[in-house]
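Beneath this line is the structure, given in structure tokens, with notes to follow.
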Amino acid sequence: MGQKGSSGLYRAVSAFGIVGFVRFLEGYYIVLITKRRKMADIGGHAIYKIEDTNMIYIPNDSVRITHPDEARYLRIFQNVDLSSNFYFSYSYDLSHSLQYNLTVLRMPLEMLKSETTQTRQESFDIFEDEGLITQGGSGVFGICSEPYMKYVWNGELLDIIKNSVHHDWLLYIIHGFCGQSKLLIYGRPVYVTLIARRSSKFAGTRFLKRGANCEGDVANEVETEQILCDASVMSFTAGSYSSYVQVRGSVPLYWSQDISTMMPKPPITLDQADPFAHVAALHFDQMLQRFGSPIIILNLVKEREKRKHERILSEELVAAVTYLNQFLPPEHTIIYIPWDMAKYTKSKLCNVLDRLNVIAESVVKKTGFFVNRPDSYCSILRPDEKWNELGGYVIPTGRLQTGVLRTNCVDCLDRTNTAQFMVGKCALAYQLYSLGLIDKPNLQFDTDAVRLFEELYEDHGDTLSLQYGGSQLVHRVKTYRKIAPWTQHSKDIMQTLSRYYSNAFSDADRQDAINLFLGVFHPTEGKPHLWELPTDFYLHHKNTMRLLPTRRSYTYWWTPEVIKYLPLPYDEVICAANLKKLIVKKFHKYEEEIDIHNEFFRPYELSSFDDTFCLAMTSSARDFMPKTVGIDPSPFTVRKPDETGKSVLGNKSNREEAVLQRKTAASAPPPPSEEAVSSSSEDDSGTDREEEGSVSQRSTPVKMTDTGDSAKVTENVVQPMKEVYGINPSDGLSEDDLSIYSRFVQLGQSQHKQDKSNQLLCSRCPDGVIKLTPISAFSQDNIYEVQPPRVDRKSTEIFQAHIQASQGVMQPLGKEDTSIYREYIRNRYL
């Protein structure tokens, strides 16, 4: 692009994608992604976190008319840190759930009545290279859908170009959390992924956004999805995938808290009377449309208080749910579960997590979960009693989740995150059972699998708490288990103070930045500026600015089409309205968007194992399994509290500090290096952060110790090595070991000095000897070529059958295999 005083074009920036275009009082800016980091992999589709962005002013300097307030709007806009927990993917729709992506987008093509193709396949997938190939060409057709704009944060920035550029230029980003860990089950890799989508409607900070707006959108609404997949097969068609979705959000009423009093807990005020639960009806109508029925509300606010505070919300919510349920069909009514979690926490006789586990079991049995494969034969042959009571919707290709759990407290942070963890832990057991990885749908605390899942949920809770409340979690799972260390109390006090400081002094600026970024406020010449508005209430409540054309019914408060298809969610039903949201796209079969092999393995780049994402992510075997001889390697074995793979870090204080650093790494941008290029530089080259920062955000940093502590750290590191290998590196070697090593070195030197004539003689050795042939003429080279061993026909057939099984082609069982399996079942279970 050219500028004033220069001729021709020059490279201004290299980027990985366009966030969007924004205009304040002058010309347009383009927002580009200049650095990224791979955070997760779902079915071979990479999910990236934005690491750095660049804003470039588009008009030429010669035609630019400066405005005195332009710079201030630019600073407010940049207060939204795009390098903090914004995610995108080129080929996977992050705004929709996995259930939507693997059901709606794989419907038969005949449903769309496309006239562009003649030969058609039974069904195909937008994600796979197995689509519809035209006759005589290399085109591949796939189905794609419009994103769910509620969870898209740059929809307003892309709105100006949405209808004028090709669809591939539109890169939708979400805000929230994304983390992935590897659960190794006797060497079999299983990926556990946690994705949180924060709503862009009625978004804001803690005390400035409470309750709901006039359209039914609530504050701090986050959809959390946990995905479980067998990583040994990446394909969505042949692989095994499962997911479970739950939601958190503020109480759907008109309420607020006045922070001008400078109190730690400002009084709760009901702003508007809503006798017909109008705003709650709008909110639950949205949930029925996206998730189906039943909608289950888990209300964790206090029920008994000396001074009426949180109980105000409970009483109003009970009245609203009671009113709305009297018009719904009995089988689709909203289920309301009140439970005073704070009261049970103070009691010494009650176990909070045991009670939450009972609630979680009943919730998961009602909603079910999604899995893309039918029940295994062993589950049908030996069904578990809990499995038979499981709800949801069973289809020939698996199961669908119908309904959702909606959890809330006052802030929807600490108590809500613990409750969601317990429900997610229960759902994880059913997911593992459905994939045939455990024999009963039950998981115990202090196992490697639950520890890995708990760490994911703590990172998830810390990140969401920083975004909405300004600090990390105050109360964690260990707090409610009452096993937290004594130092945790002082840390909780510091987090409380940090949250109070953020709410009192910085939340207003953050709220202005969010309103400007999401397009809630549009700067206009001649109208008040954003910083001149006394409140943003009128920006988020549109009914205060104009009269609504129609008023919804007080009794039939739902959308008529939604109630017709319950318990299935209306958004996933094949109907005329939903088919309009789907379009058929034509690809070349070697395009990057559908070429999963090149996207995952990157054969065109020079890489190493240390930088590979799947090896650098948190692993249950490396980070949680104890490093001692004789320990059961199963991740479902209960460990002692001090048995963990992270104990080699050093003493207790070092471990706690490392864990604290790991927690903050999820929301804080990485420190700038000497090679890093500032986002304000005009000649910025887009560097892929997959190589630079491929280590997971939960990787534990190494703390540098002084010389006084080095002996203790060395002792802690060496001891497990002696237990594992049976030797101590600090001890001297025995004479027998030295003689064996000397003979080994001499053997290598004599083998190295052989000339080519000797190698020809060696090649005539008997078949039982491996023949080595030098591949280099240099005298100091020690690399040898090994002739491949011969493989018999039976082994080749077994390997080919394994490859076909990964592609979904299963070999029929022979009579001998069937008889052996029947004999095994008869002897063991009958």
Check: Leu530 and Pro523 side chains under 4.5 Å, non-hydrogen atoms: no
Polar side chain donor-acceptor pair, Ser243 to Gln99, under 3.5 angstrom: no
is_close_aromatic(Tyr73, His67), centroid dist under 6.0 Å: no
Distance flag, aromatic centroids of Phe21 and Tyr28, threshold under 6.0 Å: no
Polar contact flag, side-chain donor to acceptor under 3.5 angstrom, Tyr100-Ser145: yes
Enclosure of Trp169 CH2 (heavy-atom neighbours >12, cutoff 6.0 Å): no
Closest non-hydrogen atom pair, Val31 against Thr53: CG1-CB, 4.4 Å
Side chains of His45 and Ser89, donor plus acceptor under 3.5 Å: no
Parallel, tilted or perpendicular: ring planes of Tyr29 versus Phe24, cut at 30 and 60 degrees: tilted
Distance, nearest 0.5 Å, that separates SG of Cys178 from CZ of Phe86: 14.0 Å
Ion pair check, Lys581 and Glu146, cut-off under 4.0 Å: no
Side-chain donor/acceptor of Gln511 to backbone N/O of Ala203, under 3.5 Å: yes
Criterion salt bridge (charged side-chain N to carboxylate O under 4.0 Å, His left out) on Arg510 and Asp81, from CA distance to verdict: CA-CA 10 Å; Arg510 290 172 55 201; Asp81 188 6; over 6 Å; no
Residue pair Ser200 / Val152: nearest heavy atoms and the distance that separates them: OG-O, 3.2 Å
Expected output: side-chain Ser95 to main-chain Tyr148 donor-acceptor under 3.5 Å: yes
Separation between CD1 of Ile65 and CG of Leu25, rounded to the nearest 0.5 Å: 12.0 Å
Closest non-hydrogen atom pair between Ser14 and Thr34, with its separation: O-CG2, 4.1 Å
Backbone N/O of Ser97 and side chain of Glu225: donor-acceptor pair under 3.5 Å: no
From CA spacing to verdict: side chain to side chain donor-acceptor pair (under 3.5 Å), Asn85, Tyr87: CA-CA 6 Å; Asn85 309 115; Tyr87 305 91; 3.3 Å; yes
Salt bridge flag under 4.0 Å for residues Arg72 and Asp69: no
Pair Thr269-Trp255, side chain to side chain contact (heavy atoms under 4.5 Å, CB included): steps then yes or no: CA-CA 5 Å; Thr269 305; Trp255 66 280; over 6 Å; no
Rounded distance (nearest 0.5 Å) linking atom CD1 of Ile173 with atom CD1 of Ile18: 12.5 Å
Chi angles and distances behind the ring-ring contact (aromatic ring centres under 6.0 Å, His included) call for Phe517, Phe77: CA-CA 6 Å; Phe517 184 86; Phe77 183 86; 5.3 Å; yes
Spacing of NZ belonging to Lys49 relative to CD1 belonging to Ile33, to within rounding of 0.5 Å: 11.5 Å
Derivation and outcome, side chain to side chain contact (heavy atoms under 4.5 Å, CB included), residues Ile42 and Ile195: CA-CA 11 Å; Ile42 301 178; Ile195 300 176; 3.8 Å; yes
Tyr48 side chain near Arg37 side chain, heavy-atom distance below 4.5 Å: no
Thr535 side-chain N/O to Phe537 backbone N/O, donor-acceptor pair under 3.5 Å: yes
Carboxylate-amine/guanidinium proximity below 4.0 Å for Arg290 and Glu572: no
Side-chain touch Asp536/Phe521, heavy atoms, less than 4.5 angstrom: no
Test item: Leu32 and Ile56 side chains (from C-beta on) under 4.5 Å apart, heavy atoms: yes
His540 side chain to Asn515 side chain, donor-acceptor N/O pair below 3.5 angstrom: yes
Heavy-atom check, side chain of Val104 versus side chain of Leu582, under 4.5 Å: yes
Aromatic contact, Tyr90 with Tyr92 (centres under 6.0 Å): no
Rounded distance (nearest 0.5 Å) linking atom CZ of Arg198 with atom CZ of Arg248: 8.0 Å
Lys/Arg-Asp/Glu bridge criterion (N-O < 4.0 Å) met for Arg64, Glu26: yes
Rounded distance (nearest 0.5 Å) linking atom CD1 of Ile174 with atom OH of Tyr151: 10.5 Å
Phe236 side chain reached by Leu98 side chain, heavy atoms, under 4.5 Å: yes
Verdict with reasoning, Thr193 to Gln180, per side chain to side chain donor-acceptor pair (under 3.5 Å): CA-CA 4 Å; Thr193 311; Gln180 189 173 61; 2.8 Å; yes
His460 and Asn417: CA distance, side-chain angles, deciding distance, side chain to side chain donor-acceptor pair (under 3.5 Å) verdict: CA-CA 8 Å; His460 161 268; Asn417 196 74; 3.1 Å; yes
Side chain to side chain donor-acceptor pair (under 3.5 Å) evaluation trace for Asn220 with Arg206: CA-CA 8 Å; Asn220 195 21; Arg206 184 186 178 198; over 6 Å; no
Where Phe291 and Glu223 come nearest, the two heavy atoms and their spacing: CZ-OE1, 3.4 Å
Closest non-hydrogen atom pair between Gly179 and Leu456, with its separation: C-CD2, 3.8 Å
Side-chain donor/acceptor of Asn54 to backbone N/O of Val13, under 3.5 Å: no
Salt bridge Lys201-Glu221, side-chain N to carboxylate O under 4.0 Å: no
CA sep, side-chain torsions, deciding dist, call: Tyr172, Leu170, side chain to side chain contact (heavy atoms under 4.5 Å, CB included): CA-CA 6 Å; Tyr172 296 101; Leu170 305 178; 3.5 Å; yes
Side-chain donor or acceptor of Asp41 paired with backbone N/O of Gly44 under 3.5 Å: yes
Asp411 with Arg210: basic N within carboxylate O range, under 4.0 Å: yes
Sub-4.5 Å side-chain heavy-atom contact between Val279 and Pro252: no
Distance-only side-chain donor-acceptor flag, His283 / Arg406, under 3.5 Å: yes
Distance-only side-chain donor-acceptor flag, Asp271 / Ser256, under 3.5 Å: yes
Phe88 and Ile50, any side-chain heavy atoms less than 4.5 Å apart: yes
Closest approach of Gly211 to Ser250 (non-hydrogen atoms, all atoms of both residues): N-OG, 3.0 Å
Side-chain donor/acceptor of Asn213 to backbone N/O of Asp217, under 3.5 Å: yes
Gly176 backbone acceptor or donor facing Gln467 side chain under 3.5 Å: yes
Within 45° cone of Phe16 ring axis and under 6.0 Å: Lys35 NZ or CZ: no
